[in-house]
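Please read the structure below before turning to the comments.
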Amino acid sequence: MEIALNGYANLDQIGTGLRQRIYSRTFIVANPDNPEDTFIYIVLDAHSGDTAIRHGVLQGLAALGGEYARYGEHNLALTGTHSHSGPGAWMNYLLPQIPSKGFDKQSYQAIVDGTLLSIQRAHESLTLGRLTFGSIDIEDSNINRSPYAYLANPEEERARYSSDVDKTLTMLRFDRVSDNKTMAVLTFFPVHGTSMYENNTLVTGDNKGVAEWLFERSVRGDTRFADDFVAGFSQSNVGDTSPNTLGAYCEDSGLPCRFEDSTCGGRTQPCRGRGPFFREKDEGAKSCFEIGRRQYAAAKELYDQMDSNPTRILGSSAVASFHIYQNLSGYTFQSPFNSSMLTTCSAALGFSFAAGTTDGPGAFDFTQNSSGPAESNPLWYVARAAIHQPSKEQQECQAPKNILLDVGDVTEPYPWTPNIVDIQVLRVGQLLIIVSASEATTMSGRRWKEAVANHAKDVLSITDPLLVLGAPANTYAHYVATEEEYSVQRYEGASTLYGPNTLAAYINLTLTYLPYLGSSSEVSKLPPFPPGPSPPVNTNVSFSFITSVVYDGAPIGKSFGDVLSSPPPDTTYGPGDIVNTTFVGANPRNNLRLESSFATVEKYNPGSNTWEVVRDDSDWNLLYRWERTSTIFGFSEVTLQWQIEDEYYSVGNPKPLESGTYRMHYYGDSKNVLGRIESFEGIGGNFTVKAAA
């Protein structure tokens with residue numbers, strides 16, 4: 001709370017509560033004959049992987065020592081689900097810190113600590129297992145938000161695909177040999193984490209967080225699954241995808257937005273994507289749940305299909321990985337597509353970057369094209385020059401991008417964006433996982449995977465390679481569009497940092513180091529692997545303009561946790577109803593209650609005369625809302641809101657709603673003027689719920 005949410009770069013989107021607790025989920029694969037041959041794939045319910053977070057995790061692993069020494073730079077992939085409704089202020093570079101008012105060490109440390117804990121739990125559960133792979137199509141969970149740019153790709157290339165976004169969800173299933181129970185599933189599917197709108201101020205994992213939670217909830221008590229089962233829903237080539245599947249429309253006229261640049265009457269702001277339930281006045285929550293539900297339903301169907309017809313991952317000894325840092329400022333290389341020599345540029349963002357997308361439009365007069373009104377506005381050129389005036393060589397390198405923010409070479413007060421990026425691939429058997437620092441567009445991902453698959457047949461002797469792409473990972477490097485999409489300079493092209501040859505460079509580097517995924521005897525014949533230049537880590541030099549918690553106060557005659565309002569005791573509630581209880585609260589930043597909860601719903605058990613927890617703050621339908629009522633006196637209120645599940649929200653729930661007596665329980669921590677923090681609790685009044693017959 002009081003921390004900006006991360007993704008939309010909206011200064012007004014300050015967190016006020018929690019709709020869904022967010023997690024780190026870790027997947028470890030190792031050679032059973034040589035556990036040193038291993039890799040870690042991490043899925044954070046967060047915007048992206050990040051240089052600083054990854055550095056902190058690696059430091060933590062080094063401190064653990066012992067068996068954890070096998071994990072390091074070369075074999076740890078840190079990805080994010082790309083949720084735009086998680087807390088911000090933890091990213092490494094200055095530019096993404098600006099909308100969050102800088103860097104918050106508490107926010108950063110919470111992610112590092114949670115990630116390390118998930119790694120430890122995964123490591124402690126290592127056991128002999130089987131890996132199987134499968135895929136299923138989902139036709140209604142994503143669309144292309146920049147189809148005009150996609151159409152710039154060659155017609156013969158587009159004709160090879162049935163859609164302008166990838167519709168296939170792939171799954172890696174982890175089964176334990178000892179009892180055949182499933183320990184985890186890891187899926188890959190491209191859809192932006194932008195179901196929750198810019199006006200949402202509650203923390204969630206967005207649609208992939210919903211899918212993960214639904215899958216994990218659905219298997220509780222299912223004997224096919226291990227007790228500590230984990231479901232990870234990773235991103236893929238997400239760059240130009242949107243969960244707003246009904247398309248983009250003008251809010252003022254109700255007509256479709258202009259196809260070429262997503263404007264309405266020449267303006268970007270009225271053009272908004274519509275999710276399945278866009279008419280609901282809920283900040284996108286029901287649409288978010290629906291897109292998550294569709295991914296969950298497809299994954300659950302695929303899981304069942306894989307019981308009878310899986311693709312087995314073969315060659316348990318073929319567990320390998322590589323990771324290299326590459327400075328893409330002025331990197332010259334041979335094109336992987338032909339014999340020409342190409343060069344990448346120092347990082348820069350174009351004018352269309354500031355226009356935003358139909359998922360979250362930008363401000364002012366920016367539009368998603370190369371001839372919008374902003375490009376004739378002298379104010380923006382003055383602002384550009386104040387930050388860093390691009391040289392003639394830089395402008396030529398980035399052409400046809402008209403540079404707005406020439407930030408790659410800006411290092412004061414510390415680096416604004418990365419010029420050094422991660423290139424990484426993980427391998428187990430015939431499966432290769434490309435780990436991308438940038439959000440690859442649909443066609444960029446297709447070209448990248450195809451190039452690696454073809455090369456793997458030759459240099460790794462894999463007859464039928466399986467390819468997936470996970471992103472955004474390790475260091476957030478904005479986007480990677482194809483050269484043709486780049487030429488259009490919509491948002492994705494304008495956000496491709498290193499110029500029109502960025503994708504070619506990524507593919508070139510991936511193919512260059514692919515032989516290092518071969519057998520140990522083959523790798524021993526190769527030159528020593530170059531680690532590359534280390535990126536700057538800015539955690540100890542980053543600015544912060546985020547006010548810390550000074551103190552909390554309670555009104556005269558009241559104590560922390562006292563009930564201010566409760567549900568009327570003579571009212572009976574049912575599915576679809578909303579129940580609220582409000583308490584005298586305190587700032588939740590006093591204690592983030594990791595591995596715990598701020599809120600629960602409890603049901604009375606008359607047989608044992610006890611109250612049993614039936615919902616906590618990981619539950620999508622239990623909301624925690626915090627509101628400051630007096631800055632001077634430190635007063636605040638907390639409202640717990642239970643949106644009682646109807647049949648729709650109970651999908652797959654093995655323990656659906658039951659009739660009975662319920663209450664809400666609030667857990668908080670207050671800080672006095674001396675800085676001492678004390679825990680407290682508040683218990684709301686009883687109320688009656690009658691489940692559907």
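- Note: H123 and Y71 meet the aromatic proximity criterion, with ring centroids under 6.0 Å apart.
- Judged by distance alone, the side chains of S436 and S438 never bring a donor and an acceptor atom under 3.5 Å apart.
- Ion pair D669/R593 flagged as a salt bridge, since at least one NZ, NE, NH1 or NH2 atom sits closer than 4.0 Å to an Asp/Glu carboxylate oxygen.
- When atom types are taken as modelled, the side chain of Q20 and the backbone of G209 share a donor-acceptor pair closer than 3.5 angstrom.
- Taking each heavy atom of A348 and I403 in turn, the nearest pair found is CB-CG2, 3.9 Å.
- Close placement of the Y624 and F598 rings is indicated, their centers lying within 6.0 Å of each other.
- With a 6.0 Å radius and a threshold of 12 heavy atoms from other residues, nucleotides or ligands, K101 has its NZ atom at or below the threshold.
- Nearest heavy-atom pair, L78 versus R54, reported as atom, atom and distance to 0.1 Å: CD2-N, 3.7 Å.
- With sequence neighbours excluded, the residues satisfying side-chain contact (heavy atoms from CB on, under 4.5 Å) with T581 are V563, S566, P567, F583, M664.
- Within the structure, salt bridge (charged side-chain N to carboxylate O under 4.0 Å, His left out) contacts touching residues 620-642 (residues at least two apart or in different chains) are E2-R628.
- Partners of S636 according to the side-chain hydrogen bond (donor to acceptor under 3.5 Å, both in side chains) rule, which considers only residues two or more places apart in sequence or in another chain, are W626.
- Every pair passing ring pair (Phe, Tyr, Trp, His ring centres under 6.0 Å) that includes a residue from residues 532-554 is listed here, sequence neighbours excluded: Y414-F543.
- Listed here is the closest heavy atom pair of A477 and L497: O-CD1, 3.7 Å.
- A search for side-chain contact (heavy atoms from CB on, under 4.5 Å) contacts involving Y476 returns H47, S48, H82, M91, E439, P472, H478, Y479, not counting sequence neighbours.
- Inspection of the Q641 and N580 side chains reveals an N or O donor paired with an N or O acceptor under 3.5 Å.
- Rounded to the nearest 0.5 Å, atoms CG (L61) and CG (L76) are 6.5 Å apart.
- Among residues two or more places apart in sequence or in another chain, the side-chain hydrogen bond (donor to acceptor under 3.5 Å, both in side chains) test is passed with R217 by none.
- In this structure, Y667 has its ring center no closer than 6.0 Å to that of F680.
- The aromatic rings of F289 and W213 stand perpendicular to each other, their planes meeting at an angle above 60°, with 30° marking the opposite boundary.
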